[in-house]
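Written below as structure tokens is the structure these notes are about.
Both ligands and their constituent atoms are indexed starting at 1 by order of listing. Heavy atoms only: backbone and side chains are in, while hydrogens, waters and symmetry mates are out.
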Amino acid sequence: MLAVTAVVAVLASAPSASAATTLGASAAEKGRYFGAAVAANHLGESGYASTLNQEFNSVTPENEMKWDALEPSRNSFNYGAADQIVSHAQSRGMKIRGHTLVWHSQLPGWVGGLGAADLRTAMNNHITQVAGHYKGKIHSWDVVNEAFQDGSSGARRSSPFQDKLGDGFIEEAFRTARATDPAAKLCYNDYNTDGQNAKSNAVYAMVRDFKARGVPIDCVGFQSHFNAQSPVPGDYQQNLQRFADLGVDVQITELDIEGSGAPQADSYRRVTQACLAVSRCTGITVWGVTDKYSWRASGTPLLFDGNYAKKPAYTAVLTALGGSSGGGGGGGGGGSQGCTATYSETERWGDRFNGKVTVTAGSSAITGWTVGVTVRSPQKVSTTWNGSPSWDTSGNVMTMRPNGNGTLAAGASTSFGFTLMANGEWSAPTVGACTAS
Ligand code: XIL
């Protein structure tokens, strides 16, 4: 009895080494990304950039990859602002969602003035140029955005593309995108398709038809802009699942939920849980970093307020993802000087697995640590979290250091993690000794 009590006491006082502390890291532990829509003109603001860099591991340019921004006049391409976001993301290992190649809105006037044959050429040229410029850098492209009407008709929305090229413009856009960047996932993206209704049924029928005929489509994006008039549908998860069952990934692409406090937090929790419950739901993007720059700022629909403080909705999402904002640290226990590193595999999917390395300080406090991880070729690390990695020239040896403050009290632990693409090799990486500083 005494012994049992003692064990419980030790467990209870043990530092919480396992839970990730950011949205991106906790989503990564679940094999998913957590992204934000980003505006290039805010990247110079330190609160904006530090919140983005710390919490998110995927970005979507909010406006910078739209047709009017990239090709304001025919064949004259402006990549400056979009490139800025892409390099910001790439240098930090974030994924990039491309948004969007073909859309009726934010479309420069010259496109609408073209005749059918010319419009087809212009559409394919736009896709070839833009997807070509970003080839290899885009995780997923919203190839076509919002091509269906709201309401009960299930019809296509009128647009220059629909009106002059007919239904076939959508598959043509997907085929051109595939030919241009075969590595990017190609998505159809829309709103008011988040639950089962006439509009989502029409999109569903199109995706089923594309899969049946071999039209290249990999994913469906659910914008998920919610408010009191348009709340999270009761069948949200089932709707994601029925699309996933067609053999496509699903992504939550523009999530924002107007409101505040517990009700808002609750809706965010439900959306997060729905994505986690659908194995083909590969990630969530919120439509902005902070309420103050939201396109619906008056509805305060995001996870950080105007001062970048975490809202209850943030905590709800982090907790649903299995993360924790608790401080960690503390904890007793003896042990040697320096630090130790132990490896465990935490999850496995068909093509990849997650590894976690727990770093524990010895009998004295440490201010930093270094751990080497050697992966077995042809394995490749696709994502890391809770650490700052550097690589040797072979690309197989990753040296991990703390991401920021590396202080650990005597006996306290922290952990970092990574996703390894197996490429057929499933054995564990070699984790070297921990060096304390
Ligand atoms: C919005 C942007 O957030 C605004 O800054 C811009 O003025 C209009 O577009 N569906 C989409 C997004 O696919 O591109 C839209 O973004 C929001 C609705």
Side-chain angles (χ1 to χ4, degrees), residues 35-43 45 48 52 56 58-72 78 81-82 84-86 96-109 111 126-127 130-131 134 138-151 156-162 170 173-174 177 185-195 199-200 203 217 219-227 229-232 250-258 271 283-304 306:
V38 166
N41 61 330
H42 299 316
L43 288 174
E45 187 187 319
Y48 186 92
L52 170 67
F56 298 94
S58 172
V59 299
T60 305
E62 185 171 355
N63 289 297
E64 291 79 351
M65 288 190 182
K66 293 171 181 176
W67 196 316
D68 61 351
L70 290 183
E71 194 187 5
N78 260 342
Q84 215 186 316
I85 296 175
V86 168
I96 302 157
R97 294 196 81 262
H99 176 78
T100 171
L101 293 169
V102 181
W103 188 27
H104 67 276
S105 185
Q106 295 178 267
L107 187 65
V111 181
H126 184 78
I127 296 170
V130 172
Y134 292 112
I138 303 295
H139 167 263
S140 302
W141 265 115
D142 289 332
V143 178
V144 175
N145 196 33
E146 301 181 354
F148 284 79
Q149 268 178 39
D150 291 319
R156 310 283 163 117
R157 175 196 294 274
S158 165
S159 72
F161 307 107
Q162 181 67 37
I170 303 181
F174 275 85
K185 301 250 188 210
L186 304 182
C187 305
Y188 175 79
N189 191 52
D190 215 327
Y191 68 95
N192 280 353
T193 49
D194 310 297
K199 186 174 177 180
S200 67
V203 175
I217 184 168
C219 38
V220 176
F222 297 84
Q223 293 186 10
S224 303
H225 294 293
F226 298 121
N227 58 21
Q229 289 70 48
S230 173
V232 183
V250 296
Q251 303 178 8
I252 296 166
T253 51
E254 304 184 13
L255 177 63
D256 58 4
I257 307 176
E258 294 186 341
V271 170
I284 299 176
T285 299
V286 288
W287 203 241
V289 175
T290 159
D291 281 342
K292 73 173 164 175
Y293 298 139
S294 163
W295 72 311
R296 311 198 289 173
S298 64
T300 61
L302 295 171
L303 302 177
F304 293 89

Could you tell me whether some N/O pair between Asn145 and ligand 1 is separated by less than 3.5 angstrom?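 Yes, there is a polar N/O contact under 3.5 Å.
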Which residue and atom name correspond to the protein heavy atom nearest atom 8 (C) of ligand 1, and how close is it? Gln106 OE1, 3.4 Å
Considering non-hydrogen atoms of the protein only, which is the closest contact for atom 2 (C) of ligand 1, and what is the distance?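 The answer is Glu62 OE2, 3.4 Å.
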Answer with yes or no after comparing the ring centroid distance for Tyr191 and His225 against a 6.0 Å cut-off, counting only values under it. no
Exactly one of Thr193, Asp194, Asn145 should register a side-chain hydrogen bond (donor to acceptor under 3.5 Å, both in side chains) with Gln223. Which one does?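 Answer to the side-chain hydrogen bond (donor to acceptor under 3.5 Å, both in side chains) test with Gln223 among Thr193, Asp194, Asn145: Asn145.
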If we set the cut-off at 4.0 Å for heavy atoms, which region of Asn63 has an atom near ligand 1: side chain, backbone, both, or neither? side chain
Picking from Val144, Ile170, Leu107, what satisfies side chain to side chain contact (heavy atoms under 4.5 Å, CB included) with Phe161?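 Among Val144, Ile170, Leu107, the one meeting side chain to side chain contact (heavy atoms under 4.5 Å, CB included) with Phe161 is Leu107.
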Which residue in the set Ile257, Thr253, Thr60 passes side chain to side chain contact (heavy atoms under 4.5 Å, CB included) when paired with Trp287? Thr60
For Ala40, does its backbone N or O pair with a side-chain atom of Glu64 as donor and acceptor, under 3.5 Å? yes
Ranking Glu254, Lys66, His99 by closest non-hydrogen atom to atom 16 (O) of ligand 1, top hit is Lys66
Looking at ligand 1, does Tyr191 have a heavy atom less than 4.0 Å from it? no
